Amino acid sequence: MKKEIIKIAVAFALFLFAILIKFQNEWINNAIFIVSYCIVGFEILQNAVKNILKGKVFDENFLMAIATLGAFCIGEFPEAVAVMLFYQIGELFQSYAVDKSKKSIASLMDIRPDYANVFRDGKEERVTPEEVKIGESIIVKPGEKIPLDGIVIEGKTTLDTKALTGEAVPKEVEEGEQILSGCININGVIKIKVTKKFGESTVSKILDLVENASSKKAKSENFITKFAEYYTPIVVVIAIILAILPPLIIEGASFQEWLYRALSFLVVSCPCALVISIPLSFFGGIGGASKMGVLIKGSNYLEALSNTEVVVFDKTGTLTKGVFEVQKIEPIGISKEELLKIATYAEHYSNHPISKSLKKSYDKNINEEQIITTQELSGLGIKAKIGEQEVLVGNEKLMKEENITFTKCEEIGTILYVSIQKKYVGYILISDKIKDDAKQTINGLKKNNIKQIVMLTGDRKNVGEVVAKELGIDKVYTELLPDGKVEKVEELLKTKSERGKLAFVGDGINDAPVLAISDIGIAMGGLGADSAIEAADIVIMTDQPSKIIDAIKLSKKTMRIVKENIAFAIFIKILVLILTAIGLSSMWQAVFADVGVSIIAIINALRALRVRREMKFLNK
Ligand code: ADP
Ligand code: MG
């Protein structure tokens, strides 16, 4: 960028010199103009030629080259140089703006750890995060970034999760807790047992996601590319007609005058403002969203969000905390202790929130050798072989499917029926809590003109209905297996209008397929399964459903900016084009208008990056 500034400064000085000092021989002035022009415009001419050779004739380089070379031909030396100078100043400003917005996203996303302190042979060693293997222990000191996902095995500390979640309040972690890479360790020294390779750690996934976000183009971006494709040739044809026709038909019209108008016309016609500001607005919107802990995987999803009509929620882990508490243990023929133990053993390898709650409640060590096989049956439960015994843990459907005779329990809550060797041995009643911001989310969505809010759950009818009623959700479908959820979403997709979009919000456990088929799949990133983060289009890092409202607001704001820029740029362009054609605007004014529109559009676009504090709805 420095080189560019020097180039422009030198050319500008020469330009001023040639304007202010009139030499006897006019050609000395002209020669200085040409030198100045070459300094500032050589690259443009070069690019124009290169692109023509590549078959891309009508781009802005071409327009600038033709217009300025034409000005030389009709003897308008100062004009030719000025146009090129202003154009380059505009370009410089643009690249500054793009650079700035990229940097501000990059700093937000400054979560890439540079090293890890790994324990090997009793010594601490500093290696790159990629070199650390699963199962190794690493030490993280205050001020360092957590390099890999893992479990804290020693010490406790406070974490700064702002870069990941947008959450300003630090998070406490202690022994036994999971820890995500990308957070910053604030005060304590902790030892972590690594559970994921660097490539699969949260930090890598998020970086990938952000880096690829701009490659998925929104419809409005594609519109601009298409627009420029047709627009430029049309403008060139009009310019040619403008140069040739009037002098032939209008009496006394000079060829030189009309050629000048035609060339000015070309200068104005350059669609730079649109071409640069639209992608920049989307880029800003995606950056703004990541500031609040919402990762959006492409401009197309940001655009789609503004047309959301139907929002479908999963229950467990999405609207409820997914942190079940064991309420009651009702054994038949065995002790309470044994019932809890056998269920916990069966659930040992499951990632389902239910499994986590059992592990919390059963605080003895688990002998992994006893667990021969386990099989997770989505939406049903677990089938496992513990020692010599076949164990089933799951819901009513599972018991029926396996022909187990059991007594139905009518209590409110999620019920885990347990059988050993096909014999029913009792149930465990667990219950979940609704997330703090769930109710506000539903109210907020209704206020934001969402036409339909639906809840889908694999849980029992009575639990699902109680939750839906409490939250004010009108439509709820319960006891669904994963493919049942897919069916329901397919039905709902048919009920929306053509432009409207359906968003599905889930935690990814038993709902990755639905995330994939909905128009916008939104996953809970902190709590959710890895498969969800991959299948989803938008990831909420804080697990707060209310962030959806912020995201919808932000997408509407971004779309408003995009539309403003399109309307503004096209309006000014057409106005100046007309003024130029009828001779009311000079080439100077034309280029000023062009650069001015670009700059205003860029400043407007950068607004999308700014997320106001009050937009952070209920940020506890
Ligand atoms: P939701 O749709 O509310 O997120 P899921 O589809 O994850 O719920 O699970 C639906 C039901 O399937 C649970 O309420 C539970 O009865 C049963 N289930 C699923 N996974 C397990 C498991 N690991 N252990 C026991 N029961 C399970
Ligand atoms: Mg779920």
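Every number for a ligand or one of its atoms is a count from 1 in the order of the listing. Each residue takes its place number in the sequence, starting with 1. Only a predicted model underlies this, so the values are computations on that prediction, with no experimental measurement involved.
Contacts of Asp314 with ligand 1, taken as heavy-atom pairs under 4.0 Å, involve the side chain alone. At a heavy-atom distance under 4.0 Å, only side-chain atoms of Leu416, from C-beta outward, approach ligand 1. Within the 4.0 Å heavy-atom criterion, the part of Glu347 lying near ligand 1 is the side chain and not the backbone.
With a 4.5 Å cut-off on side-chain heavy atoms, Ile138 and Phe119 do not count as touching. Under the 4.5 Å side-chain criterion, counting only non-hydrogen atoms from C-beta, Lys423 is not in contact with Phe406.
An N or O contact shorter than 3.5 Å is missing between Val393 and ligand 1 by distance.
Atoms of ligand 1 found under 4.0 Å from any heavy atom of Thr316 (numbered from 1 in listed order, with element): 1 (P), 3 (O), 4 (O), 8 (O).
Of the charged side-chain nitrogens involved, at least one lies within less than 4.0 Å of a carboxylate oxygen, so that Lys485 and Asp314 count as a salt-bridged pair.
Glu309 places no side-chain N or O within donor-acceptor distance of the main-chain N or O of Lys451, the cut-off being under 3.5 Å. Between the side chain of Ser361 and the backbone N or O of Leu358 there is no donor-acceptor pair closer than 3.5 Å. A donor-acceptor pair under 3.5 Å is formed between the side chain of Asp149 and the backbone N or O of Ser181.
Partners of Tyr477 according to the ring-ring contact (aromatic ring centres under 6.0 Å, His included) rule, which considers only residues two or more places apart in sequence or in another chain, do not exist here. For the side chain to side chain donor-acceptor pair (under 3.5 Å) test, no residue two or more places apart in sequence or in another chain qualifies with Lys433.
Of the listed residues (Ser355, Ser357, Gly381), the one carrying the non-hydrogen atom nearest atom 27 (C) of ligand 1 is Gly381. Among Leu380, Thr478, Leu456, the residue whose heavy atom lies closest to atom 18 (N) of ligand 1 is Leu380. Comparing His352, Lys397, Lys315 against atom 20 (N) of ligand 1, the shortest heavy-atom distance belongs to His352. Between the choices Asp459, Ile354, Thr318, the shortest heavy-atom distance to atom 15 (C) of ligand 1 belongs to Ile354.
Put simply, no part of Glu479 is less than 4.0 Å from ligand 1, judged by heavy atoms. Look at Gly379 and you'll find a heavy atom under 4.0 Å from some atom of ligand 1. Distances from ligand 1 to the non-hydrogen atoms of Gly317 include no value under 4.0 Å.
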